Amino acid sequence: MPLNKNVVRIGAAVAATLVLAACGGGKIGESGGGGSQPAPNNKKLTLITGVKAEPFYISMRCGAEAEAKKSGYELNTQEPDKFEASLQSPIVTGVLSTKPSGVLIAPTDTKALAAPMKQLTGAGIKVVEVDTALEDKSVAQSSISSNNEQGGQLAAQTLAKLVGSGTGSVLVLNTKAGTSTTDARAKGFEAEIKKYPNLKYLGQQYTDNEPSVAAQRVSATLSANPDLVGVFATNLNTGEGAATSLRNANKQGAVKLVGFDASPKQVDDLRNGGVQALIAQDPASIGTKGVQQAIAAIEGKPVTRDIATDLVALTKDDMQSKSQYFYKQSC
Ligand code: T6T
């Protein structure tokens with residue numbers, strides 16, 4: 001199945017399809033976010049991911065590296081040890097002194113990264129957001145991301161179908177407040193789940209993007225709400241932690257778990273029944289398109305302000321036919 005269809009696909013077991021626009025509200029030919037200094041004149045790009053050695057970002061880097069190579073650019077990747085603004089900000093400042101022509105960045109906070117990113121644009125470096133984004137839309141020239149709010153809606157529809165006519169409580173496990181993507185997923189889920197009167201929405205709990213905290217949150221929720229029937233985990237770490245917790249509590253399958261992302265561990269969990277559905281993104285395309293937009297900006301060509309990439313729902317029944325969406329551990 002081609003990766004670039006403008007469609008969110010969900011599995012046969014939860015047979016519903018939601019059509020998403022693949023190019024959201026972009027203005028062709030818009031530039032902006034330029035710098036007050038002359039632009040660096042070289043073929044160097046830097047990718048700053050959200051966190052080190054994580055399959056979502058590894059897959060993104062694979063796409064970005066391949067595209068850069070194809071276009072005759074050099075791509076260097078810098079990664080914080082944790083998904084944390086205080087660790088990512090000094091990396092951005094450090095990249096400033098290496099003067100690449102373009103930076104692709106996944107800002108770990110909608111506000112805290114604005115100042116360091118403005119230093120980049122102030123030095124004439126072209127900035128493209130990949131996956132996460134700042135609240136301030138004037139800094140980056142382009143943002144490439146899944147439509148996360150619609151992904152959250154899709155997760156709610158998927159979970160509601162899995163629960164069927166049963167009744168009970170539903171929990172959202174979020175990462176850190178101020179992460180554009182996961183906040184949008186929780187928002188989309190919340191709006192959609194309210195359409196199912198058989199499901200009582202318990203609200204969202206933050207996990208600091210730590211699987212162990214996610215596991216603790218699920219076990220505490222199970223104790224306080226024995227009628228728990230569903231969990232939506234807004235990303236990879238929260239999903240991995242929730243699956244562990246449900247397995248330890250012997251609630252695997254009884255409490256339906258819908259996760260976001262498709263790491264090798266999440267895919268194993270889907271195969272062995274530890275999770276019932278995954279909303280997979282297309283991080284390699286985010287990397288590919290991020291490089292294309294950065295190069296367009298550097299070379300003075302038209303840039304698209306916002307680009308949305310695919311989201312696909314995977315279930316045990318259809319996962320093998322959608323294996324191209326599984327995230328990579330190496331390129
Ligand atoms: O879900 C992805 C990414 O989209 C999100 O912004 C942060 O978490 C992940 O990297 C998965 O861990």
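Just so you know, ligand 1 is whichever comes first in the structure, and atom 1 is the first atom listed for that ligand. Everything quoted here is computed from the prediction, not taken from an experiment. Computed from heavy atoms alone, side chains included, the values below leave out hydrogens, waters and symmetry copies.
- In this structure, Q119 has no side-chain hydrogen bond (donor to acceptor under 3.5 Å, both in side chains) partners at least two apart in sequence or on a different chain.
- Nearest approach of V92 to P116, heavy atoms of both residues: CG1-O, 3.6 Å.
- Evaluation of the salt bridge (Lys or Arg N to Asp or Glu O under 4.0 Å) rule for K187 yields E149 as partners, not counting sequence neighbours.
- The closest side-chain donor-acceptor pair between S321 and D318, if any, does not fall under 3.5 angstrom.
- Listed by chain and residue number, the protein contacts of ligand 1 are E54, F56, Y57, D131, T132, T181, R185, N235, L236, D261, Q281 (heavy atom within 4.0 angstrom).
- For R185 and F232, the positive end is not near the middle of the six-membered ring at less than 6.0 Å and at most 45° from its axis.
- Partners of D136 under the salt bridge (Lys or Arg N to Asp or Glu O under 4.0 Å) rule, at least two apart in sequence or in another chain, are K118.
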